[in-house]
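Below: the structure, in structure tokens.
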There are 2 protein chains.
Amino acid sequence: MATGRTHRPATRSRGIPEATVARLPLYLRALTALSERSVPTVSSEELAAAAGVNSAKLRKDFSYLGSYGTRGVGYDVEYLVYQISRELGLTQDWPVAIVGIGNLGAALANYGGFASRGFRVAALIDADPAMAGTPVAGIAVQHTDDLDRIISDNGVSIGVITTPPGAAQQVCDRLVAAGVTSILNFAPTVLSVPDGVDVRKVDLSIELQILAFHEQRKAGEEAAADGRTAVDPDTEEAPPMRATPAGRKGPDGDMPAVMPA
Amino acid sequence: MATGRTHRPATRSRGIPEATVARLPLYLRALTALSERSVPTVSSEELAAAAGVNSAKLRKDFSYLGSYGTRGVGYDVEYLVYQISRELGLTQDWPVAIVGIGNLGAALANYGGFASRGFRVAALIDADPAMAGTPVAGIAVQHTDDLDRIISDNGVSIGVITTPPGAAQQVCDRLVAAGVTSILNFAPTVLSVPDGVDVRKVDLSIELQILAFHEQRKAGEEAAADGRTAVDPDTEEAPPMRATPAGRKGPDGDMPAVMPA
DNA sequence: CCCTGTGAACTCATTCACAGCC
DNA sequence: GGCTGTGAATGAGTTCACAGGG
């Protein structure tokens with residue numbers, strides 16, 4: 001932002017904040033619903049409510065895209081749908097390959113929300129030779145050996161990894177080598193990729209752990225409110241054991257059996 | 001932190017930043033791997049690399065938990081595993097209910113990473129009467145009619161929603177009414193919940209759209225680097241149509257057929 | 001008036017850089 | 001000397017509050 005409109009081409013150029021980008025799909029979904037109900041116009045307040053954000057944030061977000069609203073009126077639904085779709089790159093077709101056709105991979109292949117919105121499952125790939133040829137969601141599974149060819153032949157630039165964690169990095173490397181530059185990773189692994197490749201991750205167990213953290217806090221506060229001393233994770237202190245004053249682990253090494261695996 | 005140790009109980013109290021909480025599971029995973037390899041000690045640098053963050057961030061994160069490291073040496077792996085587990089509330093058992101046993105729900109029920117780490121699938125619930133009794137991942141599916149009882153009987157406080165979008169809000173309401181205070185939502189819907197209830201969402205289609213945005217940018221930049229005029233989404237401007245100067249949609253209403261559904 | 005668009009203030013998060021301790 | 005712990009500096013994101021066009 002800064003002092004004055006610097007040297008920009010004509011409209012506003014690059015640099016939509018990442019946080020804004022992450023919300024555009026949300027707005028788009030809300031707008032699409034309005035569009036289906038043939039609502040012509042919507043205010044920032046209404047749309048914000050539908051998308052689950054506050055209206056100031058929404059207006060600021062849209063201001064990064066340009067001035068697409070009408071003061072005193074609101075936003076034209078169809079027009080905004082188009083502008084956001086274009087901004088997100090959904091006016092073109094994105095062939096996607098899913099690698100690792102287990103329970104999750106198959107579920108994703110069958111997932112409807114995939115096909116709509118510019119994404120198309122172009123290939124299913126698995127390392128199990130026995131699966132090769134089996135149709136999943138109407139698409140024949142292909143073997144990992146052909147990964148390179150499959151990616152190039154279909155012009156895939158977005159790959160989805162649903163392999164077991166042990167295979168994820170290797171699959172990732174092969175995808176990248178074959179030309180994929182965006183990866184959606186469902187395996188619970190940290191992937192390393194070269195510059196220029198985007199990785200996003202979806203991790204069930206991380207989400208649950210974050211919920212558990214807050215859940216535990218709630219339990220603690222509730223108990224505190226009850227007047228009881230509570231099991232507040234912080235007050236609970238007085239560590240069950242600690243490394244010996246100036247050493248490694250402490251030979252007494254008694255620690256609650258935590259973490260199954 | 002701050003000028004002086006203010007009036008805190010003894011250790012450091014509440015208020016771990018949300019961003020830090022979201023990374024703790026990542027650290028825990030990396031530490032667990034080290035623990036399995038019987039590595040006794042790790043430096044912030046090494047651990048940060050394994051978790052895919054930089055070391056300054058990691059040290060700052062850990063500083064919110066307390067001073068669990070040893071200067072000149074690093075962190076005791078087992079001890080840190082325990083401290084983070086405790087902080088995240090993983091030293092206790094969290095019974096989880098999954099509502100909506102379609103492809104995705106079933107895949108999650110079968111997902112291994114679920115069972116480990118303190119979470120236990122306590123119930124599977126579906127609205128289809130035909131599914132009632134069918135075992136999925138070794139657990140009999142129960143009918144939505146009994147949702148209330150199932151939640152209370154099992155002491156479930158974390159619910160996972162994998163229903164179609166249309167049913168999600170209703171299921172959410174019922175879960176909350178039954179006592180659930182944390183929800184992990186896989187349905188592409190914005191859920192509204194009362195204060196005190198946490199919702200986290202996992203949304204495939206949003207993730208893909210974010211990737212598409214960056215992917216499109218890459219394509220534009222690459223073309224620009226090639227010297228060609230490129231299809232930079234911004235330069236592309238000169239909108240294909242726009243609401244008439246002072247009115248609604250514009251009667252010419254010609255808009256590219258975007259958005260399948 | 002109504003509602004958008006946006007500077008300015010503020011809050012939250014990351015990074016720097018170094019003091020403090022082993 | 002090496003590595004943690006943390007104030008201080010910087011940057012990103014959100015919210016405020018109001019100017020400005022319909």
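Below, chains carry the letters A, B, ... as their sequence lines are ordered, and counting in each starts from 1.
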*Would you indicate what A:F62 reaches in the nucleic acid, counting non-hydrogen atoms under 4.0 angstrom: base, sugar-phosphate, or nothing?*
nothing

*Report the C-alpha separation of A:D61 and A:T20 in whole Å, then their side-chain angles, then the decisive distance to 0.1 Å, and conclude whether the side-chain hydrogen bond (donor to acceptor under 3.5 Å, both in side chains) test is met.*
CA-CA 6 Å; A:D61 282 344; A:T20 295; 2.7 Å; yes

*Looking only at side-chain atoms of A:T70, point me to the closest of C:dG5, D:dT15, D:dG22.*
D:dG22

*Among the candidates D:dG7, C:dA13, C:dC18, find the nucleotide nearest to the side-chain atoms of B:R59.*
C:dC18

*Figure out the NZ/C1' separation between A:K60 and D:dG13, and round it to whole Å.*
10 Å

_Given D:dG13, D:dG21, D:dT4, identify the nucleotide with an atom nearest to the side chain of A:E18._
D:dG13

_Within the 3.5 Å criterion, strictly below it, is a donor on B:S205 or B:Q209 matched to an acceptor on the partner's side chain?_
yes

*Any chance the rings of A:Y79 and A:Y68 have centres within less than 6.0 Å?*
yes

*Other residues, nucleotides, ligands: >12 heavy atoms within 6.0 Å of A:K201 NZ*: no

*Between atom OH in A:Y64 and atom P in C:dG7, what is the gap in whole Å?*
10 Å

*Are A:S44 and C:dT4 close enough that a side-chain N or O sits under 4.0 Å from OP1 or OP2?*
yes

*Does the side chain of B:N54 get closer than 4.0 angstrom to OP1 or OP2 of C:dT15 through an N or O atom?*
yes

_Assuming nearest nucleotide by heavy-atom distance, tell me which of B:D61 and A:P17 is located more 5' along DNA chain D._
B:D61

*Out of C:dG20, C:dC16, D:dG22, which nucleotide sits closest to the side chain of B:R71?*
C:dG20

_Under 4.0 Å from OP1 or OP2 of C:dG5: is there any side-chain N or O of A:Y75 that close?_
yes

*asked:* Counting only side-chain heavy atoms from C-beta out, which of D:dT6, D:dG13, C:dG5 sits nearest to A:S67?
replied: C:dG5

*asked:* Just N and O in the side chain of B:Y68: are any of them under 4.0 Å from OP1 or OP2 of D:dC3?
replied: no

*Is the distance from OP1 or OP2 of D:dT15 to the nearest side-chain N or O of A:K57 less than 4.0 Å?*
yes

*Would you mind telling me which residue lines up with the more 5' stretch of DNA chain C, A:A56 or A:G72, judged by nearest nucleotide?*
A:G72

*Within a radius of less than 6.0 Å around CD of B:Q92, do more than 12 heavy atoms belonging to other residues, nucleotides or ligands occur?*
yes

*How long is the line joining CD of A:Q83 and P of C:dT4, in whole Å?*
17 Å

